[in-house]
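Remember, it's 1-based here, ligands and their atoms both numbered in the order they're listed. Keep in mind that what you see is a predicted model, and the values were worked out from it rather than measured.
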Amino acid sequence: MEYFQQSPLQTKIYKLFLQKIPMEKTLVLIKPDAMVKKLAGNVISELYNAGLKMIGLKLVNVKRELAEQHYNEHKGKPFFEKLIQHITGELHGNENVIAIAYEGEDAIQKIRTAAGKTHPEEAEYSTIRGKYGRHVSSTDCFENVIHASDSPKSGEREIYLWFDEDELI
Ligand code: CDP
Ligand code: MG
């Protein structure tokens with residue numbers, strides 16, 4: 001048993017080490033275009049490779065109010081209305097969204113890298129958006145498969161917008 005005991009100095013060093021690890025939370029939404037194509041399983045498999053801890057997951061029928069709050073920063077932009085129609089499922093037969101909360105070291109960057117660039121035609125083929133996304137010219141919709149938080153601050157904000165505290169592990 002003594003073997004596992006740490007000296008006060010060791011404990012202090014360990015705590016300092018833990019503080020240096022940037023533990024972040026990030027929100028992923030599997031968008032209606034991916035849901036309608038039955039891609040949820042593939043997307044979740046790809047995201048496992050990021051090595052993060054899944055701390056929440058649920059199926060959501062997205063209402064306009066939640067969509068507008070989520071995409072608040074894009075209000076007033078030319079693509080805003082289409083974006084709301086997309087995430088609420090209006091463009092895809094009222095499809096639902098899967099919301100997933102992840103936590104881990106450097107979580108934001110890891111998921112953004114796995115997602116790829118916003119425009120599916122610009123995304124690397126190896127990324128989720130590059131592999132499964134498309135730009136629909138008739139509706140000018142970026143069917144880009146997933147949403148991924150873009151900073152630790154938005155990760156926190158978005159997770160608590162989509163999840164109640166008691167829904168998170
Ligand atoms: O999703 P991401 O953070 O990569 O991109 P964003 O710039 O925050 O834009 C949010 C979403 O708006 C994108 O994922 C697209 O679905 C949509 N969008 C669009 O339809 N047309 C654009 N020119 C830009 C964004
Ligand atoms: Mg964004």
Side-chain angles (χ1 to χ4, degrees), residues 22-50 52 54-163:
M23 292 297 275
E24 295 170 352
K25 288 190 177 67
T26 186
L27 178 80
V28 168
L29 303 175
I30 304 181
K31 295 184 177 183
D33 58 286
M35 295 296 284
V36 88
K37 292 189 209 164
K38 317 243 183 285
L39 285 171
N42 302 50
V43 169
I44 292 170
S45 291
E46 301 249 358
L47 294 174
Y48 271 121
N49 296 331
L52 302 169
M54 196 185 273
I55 58 167
L57 184 148
K58 68 176 172 182
L59 190 62
V60 187
N61 187 254
V62 183
K63 302 287 177 261
R64 197 176 175 97
E65 191 188 347
L66 173 61
E68 287 192 359
Q69 278 180 293
H70 175 76
Y71 281 125
N72 186 37
E73 64 174 311
H74 296 304
K75 232 171 223 171
K77 294 185 185 168
F79 59 86
F80 183 70
E81 185 53 35
K82 196 59 54 70
L83 178 56
I84 298 301
Q85 287 173 5
H86 181 194
I87 205 72
T88 55
E90 228 179 282
L91 302 178
H92 297 89
N94 200 28
E95 256 297 348
N96 300 310
V97 157
I98 289 178
I100 314 174
Y102 289 97
E103 185 177 58
E105 194 180 337
D106 208 15
I108 299 289
Q109 196 48 51
K110 281 178 178 161
I111 299 283
R112 294 286 299 186
T113 302
K117 287 193 183 159
T118 305
H119 195 315
E121 285 169 7
E122 291 172 6
E124 301 273 349
Y125 293 134
S126 59
T127 62
I128 292 170
R129 287 168 166 176
K131 231 181 252 186
Y132 303 121
R134 65 174 185 166
H135 172 235
V136 182
S137 46
S138 58
T139 55
D140 196 24
C141 180
F142 289 5
E143 292 192 341
N144 62 4
V145 192
I146 62 169
H147 164 80
S149 308
D150 66 3
S151 69
K153 199 174 159 207
S154 41
E156 290 279 336
R157 183 189 82 87
E158 292 170 2
I159 281 179
Y160 291 105
L161 183 63
W162 287 79
F163 289 91

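- Distances shorter than 4.0 angstrom occur between a heavy atom of Leu83 and an atom of ligand 1.
- The side chain to side chain donor-acceptor pair (under 3.5 Å) with Glu158 is formed by just one residue from the set Lys25, Gln69, His147; it is His147.
- At least one heavy atom of Lys31 sits under 4.0 Å from some atom of ligand 1.
- At a 4.0 Å heavy-atom cut-off, ligand 1 does not touch His119 at all.
- Glu81 and Arg64 are joined by a salt bridge, as a carboxylate oxygen and a charged side-chain nitrogen come within less than 4.0 angstrom of each other.
- Looking at Arg129 and Thr118, their side chains come closer than 4.5 Å, going by heavy atoms from C-beta outward.
- A distance of 11.5 Å separates CD in Glu65 from CD1 in Ile84, rounded to the nearest 0.5 Å.
- Within the 3.5 Å criterion, the main-chain N or O of Glu105 finds a donor-acceptor partner in the side chain of Lys110.
- The nearest heavy-atom contact from the protein to atom 25 (C) of ligand 1 is Phe79 CE1, 3.4 Å.
- Contacts between His135 and ligand 1, counted as non-hydrogen atom pairs separated by less than 4.0 Å, are absent for every part of the residue.
- Contact between Val97 and Ile87 at its shortest, heavy atoms only, is CG2-O, 3.6 Å.
- Under the 4.0 angstrom criterion for non-hydrogen atoms, His74 is in contact with ligand 1.
- By heavy-atom distance, the residue among Asn144, Asp33, Thr118, Leu29 lying nearest atom 4 (O) of ligand 1 is Thr118.
- Under a 4.0 Å heavy-atom criterion, Arg112 is in contact with ligand 1.
- For the pair Arg129 and ligand 1, a heavy-atom separation below 4.0 Å is found.
- Ring-plane geometry between His119 and Phe142 is classed as tilted, the angle between the planes lying from 30 to 60 degrees on a 0 to 90 degree scale.
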